[in-house]
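The next block holds one structure in the form of structure tokens; read it before the comments.
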Amino acid sequence: MTPRLSIQPEPFDVAAEIAALTAELGGRAGAIVSFTGLCRDEDGRLAALELEHYPGMAEAEIGRVLDEAAKRWPLQGAVAIHRHGLIRPGEGIVLVLAASAHRSAAFEAASFLMDYLKTRAPFWKREHRADGTLGGWVEAMEHDAAAAARW
């Protein structure tokens, strides 16, 4: 299995990504679990999130997380796509796909991947508020670290 990863400014097409992985696996997988993280409007207060990353470092870290998932679970395929740039409410920020012969491995691997992407991938978020002001950089959340600690 060779995991696929992309860090990109343009939106991704969830259905097309699932179809591509399904075709690549040629009927070997019994389950593909997907997770799509979306930009929220925070009750109308947020116009967009600006995501920055450290090129090269971000790809390397996500690659390490994908490799670790492949060692822990019998995956047949995995995809991680993370956007950067200005992302509006309702748009996708991150997509994770995990494919395995059985659903439990696919679910667990997808959850592991997201927990670690939230805590280890070098991305920074800044709020662009609906009132036109620029917010500060978003702090890491304790519950994200707690979720990753379970692995």
Side-chain angles (χ1 to χ4, degrees), residues 1-18 20-22 24-25 29-42 45-129 134-151:
M1 178 204 77
T2 303
R4 187 164 36 94
L5 77 93
S6 177
I7 298 175
Q8 61 193 48
E10 56 276 345
F12 48 80
D13 181 330
V14 176
E17 294 296 337
I18 292 171
L21 182 57
T22 301
E24 178 185 321
L25 295 174
I32 295 177
V33 169
S34 68
F35 173 83
T36 306
L38 305 173
C39 178
R40 296 182 301 269
D41 71 357
E42 300 294 352
R45 134 184 115 65
L46 193 66
L49 271 179
E50 177 183 355
L51 274 80
E52 290 188 8
H53 72 294
Y54 191 108
M57 181 186 214
E59 289 86 350
E61 188 57 37
I62 294 171
R64 279 192 286 278
V65 173
L66 284 163
D67 290 344
E68 191 172 335
K71 289 176 187 165
R72 289 178 176 230
W73 291 278
L75 296 180
Q76 295 168 326
V79 175
I81 299 172
H82 206 300
R83 291 186 56 206
H84 64 89
L86 207 60
I87 302 169
R88 308 259 177 224
E91 292 182 351
I93 297 173
V94 63
L95 173 66
V96 165
L97 304 177
S100 186
H102 302 285
R103 71 178 180 268
S104 63
F107 272 113
E108 289 175 12
S111 185
F112 166 85
L113 288 166
M114 272 314 306
D115 286 344
Y116 274 80
L117 286 174
K118 288 288 290 182
T119 58
R120 286 178 31 191
F123 286 89
W124 298 272
K125 298 176 190 176
R126 181 167 48 182
E127 294 182 338
H128 289 250
R129 297 184 182 128
L134 189 60
W137 295 100
V138 178
E139 295 291 324
M141 307 290 256
E142 282 188 36
H143 66 270
D144 290 331
R150 70 188 168 124
W151 302 108

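Put simply, the side chain of Glu61 never gets that close to the backbone of Ala58: no donor and acceptor are under 3.5 Å apart. For Glu108 (side chain) and Ala105 (main-chain N/O), no donor-acceptor pair under 3.5 Å exists by modelled atom type. Without hydrogens or angle criteria, Arg83 side chain to Ile93 main chain gives no donor-acceptor distance under 3.5 Å. Judged purely by atom type and a 3.5 angstrom limit, Gln8 uses its side chain to pair as donor or acceptor with the backbone of Glu10.
Contact of the Lys125 side chain with the Glu52 side chain is not registered, since no non-hydrogen atoms from C-beta on lie closer than 4.5 Å. The closest side-chain heavy-atom distance from Leu97 to Ile18 is below 4.5 Å. No side-chain heavy atom of Tyr116 sits less than 4.5 Å from a side-chain heavy atom of Ile62. Looking at heavy atoms from C-beta onward, Val33 lies out of side-chain contact with Phe35 at the 4.5 angstrom threshold. Contact annotation: the side chain of Ser34 never approaches that of Val96 to less than 4.5 Å [non-hydrogen atoms, C-beta and beyond].
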request  = Run the numbers on Phe123 and His82 for ring pair (Phe, Tyr, Trp, His ring centres under 6.0 Å), then give the verdict.
outcome  = CA-CA 9 Å; Phe123 286 89; His82 206 300; 3.7 Å; yes
Verdict with reasoning, Ile32 to Leu21, per side chain to side chain contact (heavy atoms under 4.5 Å, CB included) = CA-CA 9 Å; Ile32 295 177; Leu21 182 57; 4.2 Å; yes
inquiry  = Walk me through whether Arg45 and Glu127 qualify under salt bridge (charged side-chain N to carboxylate O under 4.0 Å, His left out).
reply    = CA-CA 10 Å; Arg45 134 184 115 65; Glu127 294 182 338; 3.0 Å; yes
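Between His53 and Pro55, the closest heavy-atom pair is O-CD, 3.1 Å. Across every non-hydrogen atom of Leu25 and Ala99, the tightest pair is CD1-CB, 3.4 Å. Nearest heavy-atom pair across Pro89 and Leu46 is CG-O, 3.5 Å. Smallest separation of non-hydrogen atoms from Gly136 and Arg129: N-NH2, 4.2 Å. Nearest heavy atoms, Ala31 versus Arg103: CB-CA, 3.6 Å. Residues Leu38 and Gly92 approach most closely at CD2-CA, 3.8 Å, considering heavy atoms.
Distance check, rounded to the nearest 0.5 Å: CG of Leu5 to CG of Leu66 gives 6.0 Å. Taking OG1 from Thr36 and CE from Met114, the interatomic distance works out to 9.5 Å, rounded to the nearest 0.5 Å. Rounding to the nearest 0.5 Å gives a distance of 4.0 Å between SG of Cys39 and CG of Leu49. Once rounded to the nearest 0.5 Å, the distance linking CZ of Phe12 with CD of Glu91 reads 9.5 Å. Taking CZ of Arg120 as the start and CG of Asp115 as the end, the distance is 11.5 Å to the nearest 0.5 Å. Summarising the geometry, atom CE belonging to Met57 is positioned 11.5 Å from atom CD1 belonging to Ile7; distances are rounded to the nearest 0.5 Å.
Atom CZ of Arg40 is surrounded by 12 or fewer heavy atoms from other residues, nucleotides or ligands within 6.0 Å. Heavy-atom neighbours of Phe107 CZ from other residues, nucleotides or ligands within 6.0 Å: at or below the threshold of 12.
Using bins of under 30°, 30° to 60° and over 60° for the plane-to-plane angle, the ring pair Trp151/Phe112 lands in the perpendicular bin.
For the salt bridge (Lys or Arg N to Asp or Glu O under 4.0 Å) test, residues two or more places apart in sequence or in another chain that qualify with Glu50 are Arg126.
A salt bridge links Glu68 with Arg72: the closest approach of a Lys/Arg side-chain nitrogen to an acidic carboxylate oxygen falls below 4.0 angstrom.
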